[in-house]
Asks: 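Please read through the structure below; I'll follow up with questions.
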2 protein chains.
Amino acid sequence: MGQYGNVEKKRVTIYSVAKEAGVSLATVSRVINESDVVKENTKKRVQEAIVKLGYKPNAVAQGLALKKTTSIALVVPDGSFNYIDKVINGLLDTAKIYKYNIILHTATAGINEMNEIIDNVIKSRADGLILYNDAFSAKEIETLNHFQIPMVYLGNKSEGDTACCVYIDYEKAVYELVSRYLDKGIDDIVVIDDRKNPTSIDLLLKGASEAFEEHGKRFGGFVTIPEDVHNSYEYLSNYFAHNRHQLVITYRDSQAIAVINTCTENNIRIPEDTEVVCIKDSRYTDMFRPRISSFIVPSYDLGALAMRIMTKLLSGDIVRDKEFKLNYVYKAKETTK
Amino acid sequence: MGQYGNVEKKRVTIYSVAKEAGVSLATVSRVINESDVVKENTKKRVQEAIVKLGYKPNAVAQGLALKKTTSIALVVPDGSFNYIDKVINGLLDTAKIYKYNIILHTATAGINEMNEIIDNVIKSRADGLILYNDAFSAKEIETLNHFQIPMVYLGNKSEGDTACCVYIDYEKAVYELVSRYLDKGIDDIVVIDDRKNPTSIDLLLKGASEAFEEHGKRFGGFVTIPEDVHNSYEYLSNYFAHNRHQLVITYRDSQAIAVINTCTENNIRIPEDTEVVCIKDSRYTDMFRPRISSFIVPSYDLGALAMRIMTKLLSGDIVRDKEFKLNYVYKAKETTK
DNA sequence: CAGAAAAATGTAAGGGTTTTCAATACCGCG
DNA sequence: CGCGGTATTGAAAACCCTTACATTTTTCTG
């Protein structure tokens with residue numbers, strides 16, 4: 001059985017084209033690769049042969065010859081598509097421009113599948129690896145640093161200082177937000193601490209802590225969703241049915257919605273009694289009622305930039321900066337006063 | 001520059017292993033591929049050499065030799081990740097089991113990028129193509145049928161009858177739903193007709209029409225969002241601020257939310273004045289308030305099955321059925337009486 | 001128009017596997 | 001011990017390309 005089922009037509013290779021055009025295969029190769037040494041006349045003949053035979057270069061053979069595959073592996077947390085939508089779009093659009101293919105992998109955060117993925121990346125000879133790591137622990141990520149694979153961390157700071165990273169400075173965002181509230185004398189502030197997204201959440205906690213410290217106070221306000229809790233919505237519901245706070249900060253829209261729903265159901269008015277801020281905006285933060293106050297995050301750019309950096313890395317360019325922080329904008333809506 | 005940056009260690013290939021183990025490369029190949037003709041003793045020696053050298057087979061070379069890449073291309077509509085989350089999960093999990101890699105492509109519905117994608121698929125020698133096609137027009141899909149690529153349509157019926165398809169029988173779902181309402185004497189029913197998802201929407205319209213016809217009535221109730229409308233939320237808002245209906249059927253959660261928000265803002269009570277049903281459930285249909293009545297759709301299974309079928313296709317098994325319809329369950333929540 | 005330089009093209013050696021077919025090693029038996 | 005046969009192993013072609021280097025053709029100079 002040949003490629004593509006039982007098609008029995010003989011394959012058309014660079015040889016067929018060469019024969020058809022009456023040149024050597026080297027010349028055909030040069031035409032394909034847009035080398036400018038080929039005479040205009042010959043080039044035309046070859047191109048006609050290519051069209052006539054419907055020849056398409058075999059990327060696998062090219063990959064073998066060139067020792068690169070123009071494909072890069074993308075690893076995202078299992079079940080994350082609903083919130084990394086735009087990131088992936090940015091990534092894919094940029095990949096398309098540079099003719100890279102994206103091989104998609106998911107890893108369940110918590111279960112250390114990194115070794116398995118690395119294995120695959122090495123076998124498949126992907127040229128590089130982009131890791132969307134807002135849900136992976138330092139330990140999981142550490143696994144990656146043993147390998148000499150061009151890598152970009154996307155969505156968070158890289159701990160091992162070898163790889164590039166592009167992310168939003170959530171630490172600063174939260175710092176500014178919390179400071180503002182502390183200035184107003186509001187200090188009953190909690191951060192929803194979802195242990196399934198440790199790296200990102202740690203930034204939030206850090207930002208909040210700093211702000212508190214600077215105001216001579218100690219930050220202790222986190223609601224920790226234990227790692228083994230399956231239904232975090234239920235967990236939060238349960239908590240907020242019995243606890244009140246002045247300001248609740250969440251990372252994901254779904255958590256903000258859980259908090260808001262629960263408060264409303266328990267006659268806690270939003271924003272009068274409790275204010276809620278979601279760190280990352282999503283298409284739903286604006287569709288939900290009340291509209292959820294959040295930071296507006298350039299997700300598309302995040303993905304696009306990560307891919308751009310990857311291409312630079314792969315083309316051998318020296319990438320001087322290791323950390324790329326993208327800006328965010330705070331947008332107060334209806335869940336804050 | 002070698003594979004993976006400036007690592008200068010000589011590559012370890014099947015030759016290195018052969019040398020290390022004192023056998024020929026053919027034997028190493030046999031060990032790798034778990035051929036059972038190799039003597040136990042030799043096999044052990046080879047395996048030790050593999051471990052010692054850290055050898056990983058080069059999938060590119062294998063691909064060339066075997067004329068297959070164990071990778072399959074997945075095409076999804078641009079910007080669809082927020083709603084095909086689970087489908088992709090099912091697909092990837094299954095792909096992992098069968099050791100297939102997924103190459104991810106997006107195509108903007110409406111702009112005919114299929115040719116470009118086909119080109120890529122052929123160049124990259126992906127073994128097959130899975131098309132999530134709830135947003136592609138028949139014309140776009142037609143392009144694909146010219147090529148002898150093993151293909152599975154996911155999320156919708158295939159028009160060209162060559163390829164397999166796995167989908168939810170939305171037509172029947174809507175038929176049943178509408179019939180139920182008509183039986184109750186409710187006939188001011190509209191379907192949100194988003195021209196950006198023609199194939200799926202057409203099924204809805206068909207299902208509704210049938211039900212009406214059977215009741216001796218003519219169905220004319222669609223609110224068509226023109227293709228050139230960017231912000232469909234706004235469009236729907238505008239419409240529902242000035243029009244009332246007894247039952248509104250939408251395909252996506254975001255459309256249902258738009259309708260509900262607008263109705264509420266215009267003092268149209270839900271579900272008392274207007275009922276709303278969303279065809280596909282999502283994590284948000286249950287988080288939104290009021291909870292949105294919807295069909296519960298086995299999205300994960302949809303993806304998993306598509307991939308399973310693909311593996312069957314590729315292993316040369318005869319796939320007798322062409323159409324795989326998956327079941328759905330209707331779940332009345334708070335937007336219906 | 002010869003000869004040198006430049007331009008265009010061709011030859012052949014990889015790149016790392018799989019697999020067919022041939023060669024060798026090993027077995028049991030007479 | 002020799003033979004037929006089977007179990008292992010090896011040699012080499014094939015998969016389809018790129019590219020350094022060699023060769024041929026073209027162009028230019030005097």
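Letters A, B, ... mirror the listed sequences (proteins, then strands); counts begin at 1.
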Asks: Is a side-chain donor-acceptor pair under 3.5 Å present for B:Y167 with B:E323?
Replies: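 Yes - a donor-acceptor pair under 3.5 Å links their side chains.
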Asks: So, B:D93 and B:Y300: side-chain donor and acceptor under 3.5 Å apart, yes or no?
Replies: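 Distance-only check passes for B:D93 and B:Y300.
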Asks: Just how far, in rounded Å, is P of C:dT9 from NZ of A:K44?
Replies: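 From A:K44 NZ to C:dT9 P: 14 Å.
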Asks: Could you report the tightest heavy-atom contact between B:G155 and B:N133, atom names first, then the distance?
Replies: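 Shortest heavy-atom separation between B:G155 and B:N133 comes out as C-OD1, 3.9 Å.
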Asks: Looking at five pairs on each end of the helix from C:dC1-D:dG30 to C:dG30-D:dC1, what is the angle between the two axes, given to 10 degrees?
Replies: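 Comparing the axis at each end, I get an angle of 50°.
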Asks: Please report the closest heavy-atom contact between B:V60 and A:G63, naming both atoms and the distance.
Replies: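 Where B:V60 meets A:G63 most closely, the heavy atoms are CG1-C, 3.9 Å.
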Asks: May I have the distance from B:L53 (atom CG) to C:dG16 (atom C1'), rounded to whole angstrom?
Replies: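 It is 15 Å, rounded to the nearest whole Å.
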Asks: So, A:S315 versus A:D317: side-chain donor-acceptor pair below 3.5 Å or not?
Replies: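 Yes - a donor-acceptor pair under 3.5 Å links their side chains.
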Asks: D:dT18 phosphate, OP1 or OP2: any side-chain N/O from A:S29 under 4.0 angstrom?
Replies: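 Looking at the OP1 and OP2 atoms of D:dT18, one of them is under 4.0 Å from a side-chain N or O of A:S29.
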Asks: How close do B:P57 and B:Q62 get, counting heavy atoms only, and between which atoms?
Replies: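 The pair with the smallest heavy-atom distance is CB-NE2, 3.7 Å.
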Asks: Summarise protein proximity over nucleotides 7-16 of chain D in one line of letters, 5' to 3': B for base, S for sugar-phosphate only, - for none, counting protein heavy atoms closer than 4.0 Å.
Replies: -SBBB---BB
Asks: What distance separates A:L305 CG from A:L91 CG, expressed to the nearest 0.5 Å?
Replies: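 A:L305 atom CG to A:L91 atom CG measures 10.0 Å (nearest 0.5 Å).
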Asks: For B:N33 and C:dG16, give me the distance from atom CG to atom C1', rounded to whole Å.
Replies: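 Spelled out: CG on B:N33 to C1' on C:dG16 is 13 Å.
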Asks: Any chance you could lay out the side chain to side chain donor-acceptor pair (under 3.5 Å) test for A:T108 and A:D78, step after step, and finish with the verdict?
Replies: CA-CA 5 Å; A:T108 309; A:D78 197 9; 3.2 Å; yes
